[in-house]
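Computed from a prediction, not measured in an experiment: that's the story for all the values here.
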Amino acid sequence: MYPSIAQCAVVATAFKILLFPAYKSTDFEVHRNWLAITNSLPIWEWYYEKTSEWTLDYPPFFAYFEWALSQIAKLVDPAMLRVYNLGYDSWQTVYFQRFTVIATELMLVYALQLFIESSHGVTRRVAHAAAISILLSPGLLIIDHIHFQYNGAMYGVLILSLVLARHKSGLLAGGFVFAALLCMKHIYLYLAPAYFVYLLRVYCLSPKSIFRIQFLNCLKLGSGILGIFGLAFGPFAIKGQIPQILSRLFPFSRGLCHAYWAPNVWAMYSFVDRVLIFVAPRLGLPVKLEAVNSVTRGLVGDTAFAVLPEITPSMCFALTLLFQVIPLVKLFLRPNWDAFIGAVTLCGYSSFLFGWHVHEKAILLVIIPFSLIALNDRRHLSAFRPLAVSGHVSLFPLLFTPAEFPIKTVYTIFWLVLFLMVFDRTAPASKRPRFFLFDRFAILYITVSIPLIVYSSLLHQIIFGKSYEFLPLMFMSSYSAIGVVGSWIGFMVVYFAS
């Protein structure tokens with residue numbers, strides 16, 4: 001099929017190379033520091049080193065990955081590997097780190113090609129369209145190739161594990177690959193319940209009866225996963241460093257909201273709290289003055305609410321777990337690959353919408369697995385559309401420099417127009433009736449996005465200058481949150497009606 005994944009990857013690589021001199025966030029320095037830590041210090045000091053504020057807070061496999069990159073980095077510019085060389089960004093360092101993002105993204109290319117090859121007949125054409133949309137995703141372009149991270153490689157590992165689990169012969173390997181992914185980046189723990197239920201039901205229990213356990217399969221799966229975690233955490237466990245690693249991986253001392261524009265339920269909750277500050281006196285509601293004057297509000301430290309009740313990590317955990325369990329019940333009762341991908345997607349939704357200290361970049365946990373089944377039929381596509389718009393638009397505040405404004409807006413709008421049109425022509429008709437109101441909501445929602453982007457990025461500064469700087473973020477946050485929540489509700493209905 002034309003264009004092939006390889007052809008798209010070559011063209012995309014050429015474009016990404018042009019972005020080498022673009023804006024880079026503090027995440028660039030984070031990864032440079034991790035290169036220095038893993039190269040310069042003994043392994044036992046990796047999770048204790050704190051010369052820089054950007055301490056190592058990813059699981060050991062990612063630390064090993066950084067160590068492997070550092071072996072090449074010392075041939076490019078040894079100065080980047082000095083722990084005390086904070087903020088170092090020679091052109092050799094910039095080009096090396098940018099290039100490693102592109103090179104490691106080959107894992108994504110490989111996984112997407114396997115996804116296409118695992119599909120047959122009409123579904124192969126559908127899979128081809130979905131795979132190209134992921135490869136050219138504006139989310140990955142913004143987060144990895146401008147802002148700077150390695151999400152492309154890790155989502156490649158995720159997709160590889162999902163594709164392997166598509167056939168019974170690959171279930172064990174799929175479980176092992178996902179276990180390795182958890183040892184690279186712990187955010188994927190949010191998706192683990194879906195893997196647990198699916199592997200339990202399809203691999204560990206007999207297909208004839210859920211009361212018959214396949215003990216040999218359980219032994220193979222359990223011992224393999226323990227072996228993978230042993231490779232990752234074993235050296236640190238011997239030294240008694242597991243508590244230190246866990247304190248780095250799960251910093252609950254941080255606030256409820258990572259940033260005001262992360263479009264989840266707590267961003268909406270925070271917005272309502274801000275509105276109630278002005279309404280509360282008329283309603284006779286008490287207002288906490290110390291929260292009114294708070295300037296951090298989730299960016300640093302604990303989030304304080306002026307009118308609404310405070311939210312605790314345990315409340316976030318309970319809500320996340322509740323809304324994950326609901327789709328997992330269906331997955332357990334009717335285990336098939338589409339239901340598995342749907343459950344993975346809904347686990348991503350739940351963690352993003354209700355989790356504690358959620359990063360705005362975590363929206364990819366929802367968009368990427370959903371993309372694999374978005375073209376199953378037009379009902380799935382109707383739920384996917386508002387997510388595609390809101391999820392990508394919500395990433396715009398990550399790039400706040402004028403030079404990157406045309407890149408993020410033009411590329412994202414072009415991607416949305418191109419792929420939503422292709423998807424609309426490719427997605428087969430549903431065997432069940434579609435939801436008229438939800439379809440109209442999606443159309444209206446997408447229509448509003450263009451004027452909102454123009455106002456938030458251009459018109460606001462022209463009209464108000466530096467006044468009311470919070471308004472564009474508030475509008476963007478509220479708009480994106482409505483889209484993500486609406487998409488979640490729509491897909492929940494589709495998932496259980498399918």
**Message:** Please determine whether side-chain contact (heavy atoms from CB on, under 4.5 Å) holds for the pair Cys316 and Trp266, giving the CA-CA distance in whole Å, both sets of side-chain angles, and the decisive distance to 0.1 Å.
**Reply:** CA-CA 10 Å; Cys316 292; Trp266 307 128; 3.7 Å; yes
**Message:** Run the salt bridge (Lys or Arg N to Asp or Glu O under 4.0 Å) test against Lys330 and tell me which residues pass, sequence neighbours left out.
**Reply:** none
Run the ring-centre check on [X] versus [Y] and record whether the distance is less than 6.0 Å.
X: Tyr155; Y: Tyr188; value: yes
X: His31; Y: Phe62; value: yes
X: Tyr198; Y: Tyr203; value: no
X: Trp67; Y: Tyr64; value: no
X: Phe352; Y: Trp488; value: no
X: Phe65; Y: Tyr58; value: no
X: Tyr195; Y: Phe340; value: yes
X: His357; Y: His359; value: yes
X: Phe250; Y: His186; value: yes

Please check: side-chain N/O of [X] versus main-chain N/O of [Y], any donor-acceptor pairing under 3.5 Å?
X: Arg248; Y: Leu56; answer: yes
X: Ser133; Y: Ala130; answer: yes
X: Tyr495; Y: Ala339; answer: yes
X: Asp27; Y: Val30; answer: no
X: Gln324; Y: Pro193; answer: no
X: Arg385; Y: Leu420; answer: no
X: Ser119; Y: Phe115; answer: yes
X: Asn151; Y: Asp144; answer: no
X: Ser351; Y: Cys347; answer: yes
X: His128; Y: Pro3; answer: yes

Nearest-0.5 Å distance that lies between atom [atom1] in [X] and atom [atom2] in [Y]:
X: Leu141; Y: Ile146; atom1: CG; atom2: CD1; answer: 5.0 Å
X: Tyr411; Y: Ser137; atom1: OH; atom2: OG; answer: 7.5 Å
X: Leu162; Y: Ile341; atom1: CG; atom2: CD1; answer: 4.0 Å
X: Leu328; Y: Leu346; atom1: CG; atom2: CG; answer: 9.0 Å
X: Asp89; Y: Glu29; atom1: CG; atom2: CD; answer: 8.0 Å
X: Ile102; Y: Thr104; atom1: CD1; atom2: OG1; answer: 9.0 Å

**Message:** Using the rule given for side-chain contact (heavy atoms from CB on, under 4.5 Å), can you reason through Phe496 versus Ile326, listing the C-alpha separation, both sets of side-chain angles and the distance that settles it, and then say yes or no?
**Reply:** CA-CA 10 Å; Phe496 282 97; Ile326 294 172; 3.5 Å; yes
**Asked** Could you go step by step and tell me if Gln97 and Lys24 meet the side-chain contact (heavy atoms from CB on, under 4.5 Å) rule?
**Response** CA-CA 11 Å; Gln97 289 194 237; Lys24 58 187 184 298; over 6 Å; no
**Prompt:** For Tyr110, does the OH atom sit with more than 12 other heavy atoms under 6.0 Å from it, leaving out its own atoms?
**Reply:** no
**Message:** Phe99: which residues meet the side-chain contact (heavy atoms from CB on, under 4.5 Å) condition with it, sequence neighbours left out?
**Reply:** Phe20, Ala103
**Message:** Applying side-chain contact (heavy atoms from CB on, under 4.5 Å), can you list everything that pairs with Thr26, at least two apart in sequence or on another chain?
**Reply:** Trp54
**Fill in**
Which of Phe491, Phe354, Phe317 passes ring pair (Phe, Tyr, Trp, His ring centres under 6.0 Å) with Phe323? Answer is Phe354
**Request:** For the residue pair Tyr190 and Thr320, confirm or rule out a side-chain donor-acceptor distance under 3.5 Å.
**Result:** no
Would you check if [X] and [Y] make a side-chain contact, meaning some heavy-atom pair closer than 4.5 Å?
X: Leu395; Y: Lys408; answer: no
X: Leu375; Y: Phe384; answer: no
X: Pro59; Y: Leu182; answer: no
X: Ile134; Y: Ile159; answer: yes
X: Leu191; Y: Leu158; answer: yes
X: Lys185; Y: Val157; answer: no
X: Tyr47; Y: Asp57; answer: no
X: Ser487; Y: Tyr349; answer: yes

To check you understand the geometry: which heavy-atom pair defines the closest contact between [X] and [Y], and what is its length?
X: Leu221; Y: Cys204; answer: CD2-SG, 3.8 Å
X: Met476; Y: Pro397; answer: CG-CG, 4.5 Å
X: Cys183; Y: Phe233; answer: SG-CE1, 4.0 Å
X: Leu200; Y: Phe332; answer: CD2-CE1, 4.3 Å
X: Ala388; Y: Trp415; answer: CB-CZ3, 4.3 Å
X: Ala127; Y: Ile116; answer: O-CG1, 4.0 Å

**Request:** List the steps and the verdict of side-chain contact (heavy atoms from CB on, under 4.5 Å) for Leu35 and Asn39.
**Result:** CA-CA 6 Å; Leu35 287 172; Asn39 182 264; over 6 Å; no
**Item:** Evaluation steps, ring pair (Phe, Tyr, Trp, His ring centres under 6.0 Å), between Tyr479 and Tyr445
**Value:** CA-CA 9 Å; Tyr479 169 82; Tyr445 186 82; 4.1 Å; yes
